[in-house]
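Taking it in order: structure first as structure tokens, then the write-up.
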2 protein chains.
Amino acid sequence: MAAFRHLNEMPKTACHDDIRDSRAAVAGFVARLHHAPVSGRTLDALCKQGTLLTLGKGEDIPLLTGQGTVACICEGATKLIATASRQREQIVAFHFRGDLVSIPQSGEHAYSMKALKDSEVLLFAAEAFLKIARGDPGLLEATLVRTQTALFRCRDKAVGLGRKSASERMASFLMIMAERIGTNEGGGCLLDLPMSRRDIGDSLGLTIETVSRQIGEFRELGLAETDGRSRIFLPDLKTLSIYTGHV
Amino acid sequence: MAAFRHLNEMPKTACHDDIRDSRAAVAGFVARLHHAPVSGRTLDALCKQGTLLTLGKGEDIPLLTGQGTVACICEGATKLIATASRQREQIVAFHFRGDLVSIPQSGEHAYSMKALKDSEVLLFAAEAFLKIARGDPGLLEATLVRTQTALFRCRDKAVGLGRKSASERMASFLMIMAERIGTNEGGGCLLDLPMSRRDIGDSLGLTIETVSRQIGEFRELGLAETDGRSRIFLPDLKTLSIYTGHV
DNA sequence: TCCGATCCTTGATGCAGATCAATGATCGGG
DNA sequence: CCCGATCATTGATCTGCATCAAGGATCGGA
């Protein structure tokens, strides 16, 4: 179960380590968010309004009801899921350490968010976060830039979903993951994917069977080597990129 | 051909009406952007950095090279196109009067923008726009909010492209257009679509034939009446919304 | 280390929507 | 008002991926 830590409701007798940890998590996140010194006032406000969650793998991130939510991924990895209808989920985005996620109070679809592995997430009511940012132009601008990045990624995803074949989607996915969470390894790139085949399928608008087959194709082409469920080694990103179907 | 008006390079002998029009266009746009009084200084800066374009139907909106672009749709309607490869275009978004569009300098795909009908668009270098916004918290916040709206719409589009049937996509499209540019008309909603069937297909990840057939289906169900190429009357939005496949 | 549950892979078949093809409607320009 | 070009509709066929089905690998917990 998710461990809540309302930063402003910390009992006076609480272990000081806990308080320092929470504050450190907020400070660390904001430091990654914009590379400028953070004012103590902003930090205080963020600690006061935010809720730090420690989540186990697979756990739900409780989005606020009746208002928008801003989630900061301090540690780990998460998925943002839109439910079109029962048995039809679309993963809108994966998020990793340092990402800032905005979820509206209610859009066309119902959204939910889950941890892909043990994670630490800082939650804000969107309005409260915006209010703090309003008083700190640096934070406001950093938030705008992050939101733009999310928009650009989402547009690219839309192109893939609307106009690409299964193999092109798979190649694009692997390239994106290589860029975001890959580690260099003897000329190639090693991935330790935190998401399941089902997650990949739900992200690419494909079934698990198709995902599995496409990975198999790349394996036979010598462009991917799998090791267990989560590790994929990509020996030749340059050749793989040809399969993405980008211009 | 697009008529450029570099607001800061207006010859001294220029017709005063032109200058007033340009300034009025900027002021009008910003007024719609955030419902707070705009400082004269911000307005001056925007006029100095912006380029007002008057475009005919079908004309290209020249995106800046080597840097991001911010486009403000003062009048008319535009489409934002991602080119996956020759003969495979994905329309990422349609934009209407009052919309603010951010396009990155270079993402995974090549983007372009076209006017769907006679339009007036205000262009900025993204960096220059951000610099002005940095000096005007209200403008910065309004830009953030608009960017979030674009992101939320894009996510909804991704859900449609990834997990919905042709008829569901078509129903969603009609509902969105009804909300954005529809006019009430005797209990129903009248649409005068500025985009072609090809545009609709390229937006929904479908072919023109499928788009045409789906509209035909809704016509037979008594949920849509067409008049010429562009006018569609939706007599029963409530029933149509059932077909969107939303929860 | 063994066991059960879950996840992944691989094969056979079906279908929604693409593609191919042809006719009909619409509309701007002379 | 007419003409040609473009756009939209409708029908026939094809195909990529979904769906259905059946093993096989992986991994956490006892």
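Computed from a predicted model, the values in this text were never measured in an experiment. Below, read A as the first sequence line, B as the second, and so on, with proteins coming before strands; counting in each chain starts at 1.
Regarding A:I208, its CD1 atom lies at a distance of 18 Å from the P atom of D:dG24, rounded to whole Å. Here the C1' atom of nucleotide D:dG16 and the CD atom of A:E168 are 12 Å apart, to the nearest Å. Atom CG in B:L116 sits roughly 13 Å away from atom P in D:dC7 (whole-Å rounding). One atom, CG of A:L193, and another, C1' of D:dC27, lie 17 Å apart when rounded to the nearest Å. Taking atom CG of residue B:D199 and atom C1' of nucleotide D:dA8, one finds them 13 Å apart after rounding to whole Å. To the nearest angstrom, C1' of D:dA8 lies 11 Å from CZ of B:R198. Between the CZ atom of A:R163 and the C1' atom of C:dA18 there is a distance of 10 Å, rounded to whole Å. Atom-to-atom, CD of B:E225 to P of D:dT9 comes out at 15 Å; the value is rounded to the nearest Å.
Counted by atom type alone, A:E75 and A:S119 present zero donor-acceptor pairs between their side chains at under 3.5 Å. Residues B:R219 and B:T226 bring a donor and an acceptor atom of their side chains to less than 3.5 Å of each other. For B:S85 and B:R88, the side-chain atoms include at least one donor-acceptor pair closer than 3.5 Å.
Within the structure, a side-chain polar atom (N or O) of B:R197 is placed less than 4.0 Å from OP1 or OP2 of D:dT9.
Comparing B:T226 and A:T210 along DNA chain D, the residue whose closest nucleotide (by nearest heavy atom) sits nearer the 5' end is B:T226.
Across all strands shown, B:T207 has heavy atoms under 4.0 Å from base atoms, whether or not it also approaches the sugar-phosphate. In this structure, A:G201 reaches neither bases nor backbone, as no heavy-atom distance under 4.0 Å exists between it and the strands shown. Residue A:I215 is classed as having no contact, given no heavy-atom separation below 4.0 Å to the nucleic acid.
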Under the criterion side chain to side chain contact (heavy atoms under 4.5 Å, CB included), I'd like the reasoning laid out for B:F173 against B:L193: C-alpha separation, chi angles, the key distance, then a yes or no. CA-CA 11 Å; B:F173 172 81; B:L193 298 177; 4.3 Å; yes

Trace of the side-chain hydrogen bond (donor to acceptor under 3.5 Å, both in side chains) decision for B:S241 with B:T244: CA-CA 5 Å; B:S241 74; B:T244 59; 5.7 Å; no

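A donor and an acceptor atom sit less than 3.5 Å apart, one in the side chain of B:R213 and one in the base of D:dG11. For D:dC20, the base has a donor-acceptor partner in the side chain of A:E209 [N/O atoms by modelled type, under 3.5 angstrom].
If you check C:dT10, D:dC17, C:dG17 against the side chain of B:A166, the one that comes closest is C:dG17. Of the candidate nucleotides D:dT9, D:dC17, C:dG17, D:dC17 has the atom nearest to the side chain of A:S165.
For B:F218, the CZ atom sits in a packed shell: over 12 heavy atoms of surrounding residues, nucleotides or ligands are nearer than 6.0 Å.
Each of A:R198, A:K157, A:K79 was evaluated against A:S203; a single residue qualifies, A:K157, per the side-chain hydrogen bond (donor to acceptor under 3.5 Å, both in side chains) test.
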Protein-to-nucleotide contact annotation, 5' to 3' order, nucleotides 22-29 of chain C [B base; S sugar-phosphate only; - none; under 4.0 Å, heavy atom]: ---BBS--

